[in-house]
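Everything quoted here is computed from the prediction, not taken from an experiment.
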Amino acid sequence: MSTTQKTKTSYNDIKDITLTDFLDVEAERTLLAHGLWKEQATIVIVIRRPGCQFCREEARIFDAQRQTIENDMGIKMVCVVHEKEGADIFQKEFWHGEVYHDQAKDFYKALGNGRLRTGGWEQMTRPSFWGNLIRNKRSGVKGNFIGDGSILGGLLLVQKGDQGVAYEHIENVWGDIARADHVLEAASRVSGVAINKEKVAQAQKEHQALHDKMQASPLAASKGQGHAQEGSGSGSACALPTEQTQEQQQQQQVP
């Protein structure tokens with residue numbers, strides 16, 4: 001029985017996307033996306049950039065739920081990238097699962113109703129970005145500036161066969177990662193496997209704790225206004241850049 005809910009992402013836009021299996025294989029092979037969920041429901045995490053600290057953080061969060069999602073619920077999890085550079089490190093150190101290359105960026109377009117959604121340095125003016133950065137700093141997951149991180153991603157839970165998209169999370173701001181508790185609840189509905197309430201409660205507790213810390217941060221309190229020096233301990237976890245720093249950052253790739 002289908003448990004599809006209304007989503008912005010159209011199933012017809014993703015089912016025939018061509019992907020490339022390129023890691024840990026003797027020879028690269030291509031496949032159509034619907035082959036991923038032909039036999040079992042699949043969570044597709046659409047990664048903005050393999051070296052992005054936020055993307056690595058999200059991968060680590062869901063990798064920690066692999067036992068519950070894949071083994072207990074029988075739902076496959078894969079990641080999709082639009083560039084190969086850094087994907088090997090991303091897989092080995094943060095994801096430990098299947099990674100596919102979407103050269104045409106079709107999953108990214110599907111999340112944007114047919115167009116690529118991008119974010120530039122103007123994202124740094126959004127208070128939510130600084131909240132996401134504070135959360136990431138507390139996680140201890142680090143990244144680099146290699147590659148194109150301007151194309152926004154997201155997460156899809158696609159049901160087995162051609163039953164459609166059951167759940168979606170669309171990244172609107174850098175670091176806007178999917179909530180594990182929401183994904184677990186959606187996976188439970190799709191699989192029909194009762195979820196461990198303690199795990200959901202723990203995921204909710206961890207999310208709320210991070211949210212409370214963000215709200216208490218001087219950056220969140222100022223709503224991203226003004227300038228601050230980078231903290232080195234008890235201060236803020238990150239800092240708004242000065243005009244000079246912004247000029248230097250604009251010469252680099254985005255997170």
Evaluation steps, side-chain contact (heavy atoms from CB on, under 4.5 Å), between Val80 and Ile45
CA-CA 6 Å; Val80 167; Ile45 304 177; over 6 Å; no
Report the C-alpha separation of Tyr167 and Ile43 in whole Å, then their side-chain angles, then the decisive distance to 0.1 Å, and conclude whether the side-chain contact (heavy atoms from CB on, under 4.5 Å) test is met. CA-CA 9 Å; Tyr167 174 85; Ile43 290 173; over 6 Å; no
Let me see the working for Arg49 and Asp148 under side-chain contact (heavy atoms from CB on, under 4.5 Å), right down to the final yes or no. CA-CA 7 Å; Arg49 185 172 60 83; Asp148 178 10; 5.6 Å; no
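In terms of modelled atom types and a separation under 3.5 Å, the side chain of Thr20 and the main chain of Phe22 share no donor-acceptor contact. The backbone N or O of His82 lies less than 3.5 Å from a partner atom in the side chain of Tyr108, making a donor-acceptor pair. When atom types are taken as modelled, the side chain of Arg48 and the backbone of Gly149 share a donor-acceptor pair closer than 3.5 angstrom. Thr42 places a side-chain N or O within donor-acceptor distance of the main-chain N or O of Leu36, the cut-off being under 3.5 Å. Formation of a donor-acceptor pair under 3.5 Å by the Asp106 side chain with backbone atoms of Ile17 is not found in this model. Of the possible polar contacts, none joining the His101 side chain to the Leu23 backbone as a donor-acceptor pair under 3.5 Å is found. Remark: the backbone N or O of Ile146 is not paired with any side-chain donor or acceptor of Glu85 at under 3.5 angstrom.
To the nearest 0.5 angstrom, Met77 atom CE is 4.5 Å from Glu70 atom CD. Residue Ser150 holds its OG atom at 11.5 Å from CZ of Arg117, rounded to the nearest 0.5 Å. In this structure, Leu155 CG and Arg179 CZ are separated by 14.0 Å, a value rounded to the nearest 0.5 Å. A distance of 8.5 Å separates CG in Leu157 from CZ in Arg189, rounded to the nearest 0.5 Å.
The shortest side-chain heavy-atom distance between Trp95 and Ile47 does not fall under the 4.5 Å cut-off. No side-chain heavy atom of Asn172 sits less than 4.5 Å from a side-chain heavy atom of Leu152. Between Ile75 and Gln40 there is no side-chain heavy-atom pair separated by less than 4.5 Å. Side-chain contact between Leu111 and Leu156: present, with at least one pair of heavy atoms (C-beta onward) separated by less than 4.5 Å. Side chains of Asp16 and His34 form a contact here, defined as non-hydrogen atoms less than 4.5 Å apart. Counting heavy atoms from C-beta outward, Glu171 and Glu58 have side chains that stay 4.5 Å or more apart. Residues Trp37 and Ile14 form a side-chain contact, since some pair of their non-hydrogen atoms from C-beta on lies under 4.5 Å apart. Residues Asn144 and Arg56 meet the side-chain proximity criterion, which asks for heavy atoms closer than 4.5 Å.
Tested against Cys79 for a side-chain contact (heavy atoms from CB on, under 4.5 Å), the candidates Tyr100, Phe90, Phe94 yield a single pass: Phe90. Each of Arg66, Gln65, Arg60 was evaluated against Asp63; a single residue qualifies, Arg66, per the side chain to side chain donor-acceptor pair (under 3.5 Å) test.
The environment of CG in Asn113 is sparse: at most 12 heavy-atom neighbours from other residues, nucleotides or ligands sit within 6.0 Å. Environment of NZ in Lys160: sparse, with no more than 12 heavy atoms of neighbouring residues, nucleotides or ligands closer than 6.0 Å. Heavy-atom contacts from other residues, nucleotides or ligands closer than 6.0 Å to CD of Glu28 number more than 12.
Glu83 and Pro50 make their closest contact through O-CG, 3.8 Å (heavy atoms, listed as atom of the first residue, atom of the second, distance). The two residues Asp13 and Ala110 have their closest heavy-atom pair at CB-CB, 4.0 Å. The shortest non-hydrogen separation linking Lys109 to Leu116 is CG-CD2, 3.7 Å. Shown here for Gly175 and Phe54, the closest heavy-atom pair between the two residues is CA-CG, 3.3 Å. Of all the heavy atoms in Ala41 and Val190, the pair that sits closest is CB-CG1, 3.8 Å.
Between the side chains of Asp162 and Tyr11, a donor-acceptor pair is found at a separation under 3.5 Å.
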